[in-house]
Q: 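Take this structure, written in structure tokens, and hold onto it; I'll ask about it next.
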Amino acid sequence: DTGVSQNPRHKITKRGQNVTFRCDPISEHNRLYWYRQTLGQGPEFLTYFQNEAQLEKSRLLSDRFSAERPKGSFSTLEIQRTEQGDSAMYLCASSTSPGDRGSGNEQYFGPGTRLTVT
Amino acid sequence: AQSVTQPDIHITVSEGASLELRCNYSYGATPYLFWYVQSPGQGLQLLLKYFSGDTLVQGIKGFEAEFKRSQSSFNLRKPSVHWSDAAEYFCAVGASPRNAGNMLTFGGGTRLMVKP
């Protein structure tokens with residue numbers, strides 16, 4: 001088990017460009033989450049998938065953001081027409097399905113992708 | 001809506017001293033509570049969790065936390081801090097995974113510094 005991996009680890013882009021991040025969850029985990037963390041703040045939920053279905057999106061996820069998980073394994077998060085306010089750490093997490101209370105709830109986080117928009 | 005407050009933005013303790021990090025939550029039902037630690041430039045590592053049962057839960061690295069429903073608190077403690085514990089600590093609350101995706105709501109974090 002190699003844990004949750006994210007690529008790239010760092011991305012610097014110019015305002016107006018599109019960027020795409022990838023997340024590979026723990027292999028047996030069917031839930032995958034995206035969070036955004038700005039400097040000095042706690043992570044904020046963006047969206048989550050159960051298998052390939054995107055089941056919830058935060059109002060933080062503007063129309064410029066799109067996430068996919070086409071085969072229920074890895075996921076991509078794309079930001080179109082980046083703005084300086086998009087600069088943040090983008091974190092991916094995964095978990096198992098809910099089971100009995102007390103199981104299937106822990107989310108395991110990847111190292112994150114730090115985006116800087118200049 | 002659920003929320004988490006970590007009243008202390010920064011805490012400095014001497015190595016070997018005891019530690020308590022405060023966390024207060026707001027949630028309408030029985031919460032799922034977590035503490036995560038984040039080292040600079042890294043993702044979050046789960047320290048411990050509370051779902052039900054014994055209100056004192058043990059975690060990794062010698063940490064423990066106590067759930068107090070009457071105070072809506074879930075404070076993190078360690079009897080003797082090591083220099084390697086210097087990091088940012090986040091408390092989080094989640095909904096029942098059966099009702100929602102169990103997205104987590106995080107507090108603003110407490111940065112722990114350890115003096116030699």
Side-chain angles (χ1 to χ4, degrees), chain A residues 3-6 9-10 23 25-26 29-51 53-61 67 69 89-114 116, chain B residues 1-10 21 23-25 29-55 57 59-60 67 87-111:
Chain A
V4 178
S5 61
Q6 292 187 247
R9 294 291 307 275
H10 303 273
C23 171
I26 294 171
H29 287 183
N30 56 7
R31 285 195 167 184
L32 186 148
Y33 305 79
W34 286 99
Y35 291 84
R36 181 173 68 187
Q37 184 179 24
T38 52
L39 206 59
Q41 303 296 319
E44 297 173 293
F45 168 77
L46 293 178
T47 187
Y48 96 96
F49 294 82
Q50 177 147 329
N51 300 311
Q54 188 175 17
L55 297 185
E56 188 148 351
K57 295 193 292 187
S58 162
R59 55 185 169 78
L60 292 176
L61 212 66
R69 195 183 183 198
M89 175 82 90
Y90 290 84
L91 294 165
C92 176
S94 69
S95 73
T96 56
S97 289
D100 294 335
R101 185 176 176 84
S103 66
N105 301 97
E106 303 95 292
Q107 294 181 26
Y108 294 90
F109 283 80
T113 295
R114 180 166 296 284
T116 302
Chain B
Q2 56 204 52
S3 66
V4 177
T5 301
Q6 294 182 245
D8 305 305
I9 298 175
H10 293 99
L21 302 182
C23 171
N24 293 99
Y25 68 90
T30 301
Y32 288 67
L33 294 161
F34 306 84
W35 275 99
Y36 284 86
V37 61
Q38 186 177 38
S39 298
Q42 301 299 313
L44 287 87
Q45 181 183 20
L46 179 66
L47 285 176
L48 48 75
K49 60 186 184 288
Y50 170 78
F51 296 148
S52 64
D54 192 347
T55 56
V57 293
I60 62 171
F67 170 60
E88 186 105 25
Y89 290 80
F90 292 96
C91 181
V93 64
S96 163
R98 293 186 181 280
N99 297 330
N102 198 34
M103 64 287 298
L104 299 178
T105 299
F106 286 84
T110 297
R111 180 168 297 280

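In what follows, chains are A, B, ... by sequence order, proteins preceding strands, each numbered from 1.
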Q: Any sub-3.5 Å donor-acceptor pair from A:Tyr35's side-chain atoms to B:Leu104's backbone N or O?
A: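 Yes, because the side chain of A:Tyr35 sits within donor-acceptor range (under 3.5 Å) of the backbone of B:Leu104.
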
Q: Starting at NZ of B:Lys49, measure out to CD of A:Gln107 and round the result to the nearest 0.5 Å.
A: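 It comes to 12.5 Å.
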
Q: Less than 4.5 Å to any heavy atom of chain B: does that hold for the side chain of A:Gln37, its backbone, both, or neither?
A: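 The side chain, not the backbone.
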
Q: So does B:Ile60 have more than 12 non-hydrogen atoms from other groups sitting under 6.0 Å from CD1?
A: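 Atom CD1 in B:Ile60 is crowded, with more than 12 foreign heavy atoms closer than 6.0 Å.
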
Q: With a 4.5 Å limit on heavy-atom distance, are the side chains of A:Glu106 and B:Phe51 in contact?
A: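 Answer yes - side chains close enough.
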
Q: For B:Gln38, is it the side chain, the backbone, both, or neither that has a heavy atom closer than 4.5 Å to a heavy atom of chain A?
A: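 The side chain, not the backbone.
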
Q: Go through the atoms of B:Leu44 and report whether side chain, backbone, both or neither lie under 4.5 Å from a heavy atom of chain A.
A: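 Both backbone and side chain of B:Leu44 come within 4.5 Å of chain A.
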
Q: Which answer fits A:Leu55, side chain, backbone, both or neither, if we ask what part of it has an atom under 4.5 Å from a heavy atom of chain B?
A: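 It is neither, since no heavy atom gets under 4.5 Å.
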
Q: Looking only at heavy atoms, which two atoms of B:Met103 and A:Phe45 are closest? And how far apart?
A: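 Between these two residues, the closest heavy atoms are CB-CD1, 3.2 Å.
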
Q: Can you tell me which of A:Gly112, A:Pro43, A:Pro111 forms the most heavy-atom pairs within a distance under 4.5 Å of chain B?
A: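 Of A:Gly112, A:Pro43, A:Pro111, A:Pro43 has the most heavy-atom pairs under 4.5 Å with chain B.
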
